[in-house]
Structure formats: structure tokens, C-alpha cells
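Beneath this line is the structure, given in C-alpha cells, with notes to follow.
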Amino acid sequence: MGAAMSVWEVVLRSVAVLAAFLVLPLLVGFMEHKVMAHMQARLGPMYAGGFHGWAQLIADAAKFVQKDDLLPTAADKGVFRLAPSLALIPYLVALAVVPLSPSIVGADAPASAVVVLAATAVGVLGGLMAGWASANKYSLLGGLRSAAQLIAYELPMVLAVASVALAAGTLSLTGIATEWRPWWLLWQLPAAFVFLAGGCAEIQRPPFDMPLADSEIVFGPYTEYSGLRFALFLLAEYAGIVLMSLLMSVMFLGAWHGPWSGPLGWLWTILKAVPIAFLFLWFRNSWPRLREDQLQRFAWLVLVPLALVQLLITAVGVVMMR
Amino acid sequence: MTALDVALVGFGLLALAGALLAVTTRHIVHAALWLVVALGSLAGVYLVLGAEIVALVQLLVYVGAIVVLVLFALMVTRSPIGPSRDHATSPAHRGVAAVIAAGLVALLLAVLLPIAGSGAVTRQVTSNRALGADLFGTWAWPFELLSLLLLASLVAALAIARSRAVTGKEDA
């Protein structure tokens, strides 16, 4: 973080990050409406805003604001109210340290890769608090499942990030992307796979959505939520997709490396993140939900060993090239 | 008083308040959540003093993993909403705990206050590279020893859990 940053620059950067945080999840949401509709051979929302229903999510937001903010009698009120914010705000913090190009970054922290991991780990607490405080057995089940899932999938994710950090010799996302070379696509392929699967599990998207499982435990921790607080959880989910796609782009796909990377670097980073976001939507539409025991087995018997082997491969590579 | 002083004292007080509430609250899940406040504020203290990586690892490991594990254990067992007296201890027990805690605080203060100095808080940024080199160079053996200890306790925990499961089967 630059020591001599003027107040205006800090304000400008914060506003830019906040704007990105509010706009990008909406774009992903719109993409989800359309991708889902096409994959299921239907139109999806077409009316709001005129062109292909682009304003549907804004209309949804207006609806959420008008809804009654329900508070279960038996709920632990303070924790219940606090949970959605705790689920959402860490993603804002994480987004602030993700670079779009060497110069376009909200806050260039020296250990930004760890900032991102720590922030997403804190964010999951929001879901746990919601699950417990709702005083609903389905919510509690969902909370239990998300805790078990977080513990299982955080380890392989940290190992995958450790692998690229080791390869680049730095913990800074900007540094990792700068050191990136095209052949890393092959060298770091297992880590990329582990991170993609772990990221999908961390934001609890299908096929790793056992904690929410709307057809079984009625959205788990979110069952009792309505109105704005439910909308905040939805926003957190889309912000999670944005964050994980950008991270995949920055750590594994070379971010701004590409033709005319000087002036157009930021565009490359985003263009590489879009197919990853599409993958998250595609997974949701084509794969059934994993059962709880399958989820745990996949994490501990596939992802963790794979990440450890990748770490070994990376270490050997780094030592041989030195 | 500089801004760093204010930030350090603020995080310190927050950590203290969180810790006190964690041990005095009657709501068992709230105790775990106050622990989040205490551990998170401690990360803030590290950050103010310039130890960025220590602060982040504190968040990642303690808030992201250990508190989640505590919450998981609470949810699996009994975690009623509202105050519960199930875990209340006798006044004598509480008194002894308070005396021991006060003694520990006094001991730590006696050791740490003389070396703390009285000047303003200074921020000494340790680079991640230097920290890594120290941890895996100079302190590599204590580090490995600690991981061995953790591994041993992990295996022991597994052994205890397994042996109970086996005897349980024999009983049935």
C-alpha cells in the first residue's frame, strides 16, 4: 500500500471498488438469467428494461426493498440481523485487492493472495451465523453442512494458492500475475482445477450446494430470510462468482498478459474471467448436487492429495529453474 | 498521541472486551462469536504494528478455521438460542479461574511492561520474504517440532475416537 496516498486518491479508489462491487455481480446475475434460459431452451426474463430484460435484477431489487423484513420470534435477533452483512462485506474487502492490470488495483497489498483467502474464510461465518440464529432445523442443518464444507475445501484451496505463490516467489496477486508465463497453464493445471472446485464449494454453488439444497432443506441458512437481507445473501453469492472468476484469471490464466497488454491489460483480465464465470453457471445447469459424503470424499481423497502433488511438482520446478 | 497509538489502543480494547464477553456470556454460541471479535481485533493489532502476514494468518487460521470448527462442534451438539445455565460453574470454580487468570495477566505484564518502553507506537514493517526466510531458516527446527506435535495429537485423537467406536460395536 503506497505510503503517500492522498485523501482524494483513497476516496476515488474506494468508490471505484464499491462501484465494481455493485455492478459486476449484477452483470453476472443477468448472465445467469440468460445462460440458464438458453440452456433450458426458454427465453428467461424479457420484459424489464426493454432489451432482453436487462433490468430484471434491478426490478428484483426494487421488489426486495418493498418486502416485509421477517424476523422469526424464536431467532437470536442480533446475530440474525448481522449475518447477511458479515456474508457480504468480506467479498468487498477481497475484491479491493484483486488487480485488473499492474496499475489498476484498489489496494496493492504485499500479501494480497492471503488477504483474499482470509476474507472469504471470514465470509462463510455469515452463513453459519444465519444457520444457527434462525431457530429453524433446516437452517441449522444447512449451517452444519456449510461448516463441514468450509473446513474440507479451504485446505485444498490454500494449497492451490500456495502452489502459484511458490512458483511466482511472491504472495502478491500483482506479483503472481506479473511472473506468469504461458507454460504455467500446464505446470499449474492441477492447482487451477483444485482452485476452481474449491472456489465453487466455497461460494456454495452447484454441484457443491448441499448446504443450501433448495429442493431438500429449503435454502438452508437462508430459509427464514426475506426482503433486503435475503437479497444481500444473493448478492454475496454473485459477488463470490465475480471474485472467484477474477482470481482464476489473475492467478492461473495470466491476467493482463496478451496483445496490447499495456493499455488494454484490464480488459484481458476481465475477458479471461468471463469464461470462468460462465463455467460456474454451466455447472449449475448441468450437474446434479453432490451428496454430503461424496462432497467430503471428493475434498479429502481427490482435491487434497492433488493439491499436495501439485505443490511437490511446483517445488521441483522452482528448484530446477533456479 | 499518533493515529497509530489510537488504532493500537482501539484494537487492544476491542480484543479485551471480546475476550471478557466470550468467557462471561451465558449464550454459548455468542461465546464463540465474541471469540471472533477478540481474535479479529488481535489481527488488527498485528496489522497496526506492521506484521501484515501474521495478521492475515491469524484471520485465516483462527477465525476462518478454528472458530468455524468450534461453531460446527456447537451445532452438532447442543446449542440452544438464548441464555443457558447448562454450562454454568460454581462460584468457587469461577473465583479460582479469575484468580489464576489475574495471576497470569500480572506475570505477563511484569515481563512485558519493562521491555515495552513508553514512547509512541512505531510501525516496523517486516517484509514477507524476511519473515519466510526466518521461519524456514533460523526457526525451521522448532517449526518442524511443532508440526510433529500437532501430527502426534491428530493421530492420538483418531486412535481415541476409533477405539471407542470399536468397543461401542462390541457392546451392541
Side-chain angles (χ1 to χ4, degrees), chain A residues 1 3 72-80 82-83 86 90 93 97 109-125 127-129 131-136 139-152 154-155 157-158 161 165-166 169-172 175 202, chain B residues 3-4 21 25-37 39-41 43-44 46-47 50-84 123 125-133 135-136:
Chain A
M1 273 178 241
T73 321
D76 187 305
K77 310 227 165 18
V79 178
F80 186 85
L82 193 66
L86 201 69
V93 175
V97 300
S112 43
V114 191
V115 174
V116 169
L117 287 174
T120 48
V122 172
V124 179
L125 273 182
L128 294 188
M129 283 161 64
W132 172 76
S134 294
N136 175 321
S139 301
L140 189 64
L141 269 179
L144 263 179
R145 288 176 179 183
S146 52
Q149 184 159 322
L150 175 81
I151 293 164
E154 193 172 320
L155 178 64
M157 246 177 107
V158 171
V161 173
L166 191 61
T170 169
L171 281 173
S172 146
E202 189 105 2
Chain B
L4 278 181
L21 283 166
T25 179
R26 288 244 170 272
H27 302 61
I28 181 138
V29 172
H30 284 193
L33 295 175
W34 284 121
L35 208 56
V36 173
V37 175
L39 296 169
S41 310
Y46 295 145
L47 203 62
E52 188 205 14
I53 197 83
V54 181
L56 290 171
V57 169
Q58 163 93 6
L59 272 187
L60 185 66
V61 173
Y62 283 90
V63 177
I66 291 185
V67 172
V68 169
L69 212 57
V70 168
L71 281 175
F72 181 72
L74 285 177
M75 284 187 192
V76 173
T77 53
R78 266 155 54 89
S79 54
I81 285 176
S84 95
R123 190 181 155 86
V125 178
T126 317
S127 81
N128 301 334
R129 196 172 285 276
L131 189 87
L135 188 57
F136 295 104

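Keep in mind the model is a prediction, meaning the values are calculated, not measured.
Proximity to chain B (any heavy atom under 4.5 Å) is shown, for A:Ala148, by both the backbone and the side chain. For chain B, the nearby parts of A:Leu117 are the backbone and the side chain; heavy atoms of each come within less than 4.5 Å. With a 4.5 angstrom heavy-atom cutoff, A:Leu171 touches chain B only via side-chain atoms. For B:Ile53, the part sitting under 4.5 Å from any heavy atom of chain A is the side chain, from C-beta outward, and nothing else. B:Leu74 does not touch chain A: none of its heavy atoms, backbone or side chain, sits under 4.5 Å away. Heavy atoms closer than 4.5 Å to chain B are found in the side chain of A:Val79, but not in its backbone. Heavy atoms closer than 4.5 Å to chain B are found in both the backbone and the side chain of A:Leu140.
Minimum heavy-atom separation, A:Gly175 to A:Thr170: C-CG2, 3.6 Å. Here the shortest heavy-atom pairing between A:Met129 and A:Leu86 reads SD-CD2, 3.4 Å. Contact record, B:Gly64 with A:Glu154: O-OE1, 3.7 Å, taken as the closest heavy-atom pair.
With contacts defined as side-chain heavy-atom distances shorter than 4.5 Å, the pair A:Ser172/A:Ser112 qualifies.
Remark: B:Val63 engages A:Val122, A:Leu125, B:Val36, B:Leu39, B:Leu59 in a side-chain contact (heavy atoms from CB on, under 4.5 Å) (not counting sequence neighbours). Taking B:His27 as the reference, nothing meets the side-chain hydrogen bond (donor to acceptor under 3.5 Å, both in side chains) condition, with sequence neighbours excluded.
Among the candidates A:Ala111, A:Ala135, A:Gly78, the residue making the largest number of heavy-atom pairs closer than 4.5 Å to chain B is A:Ala111.
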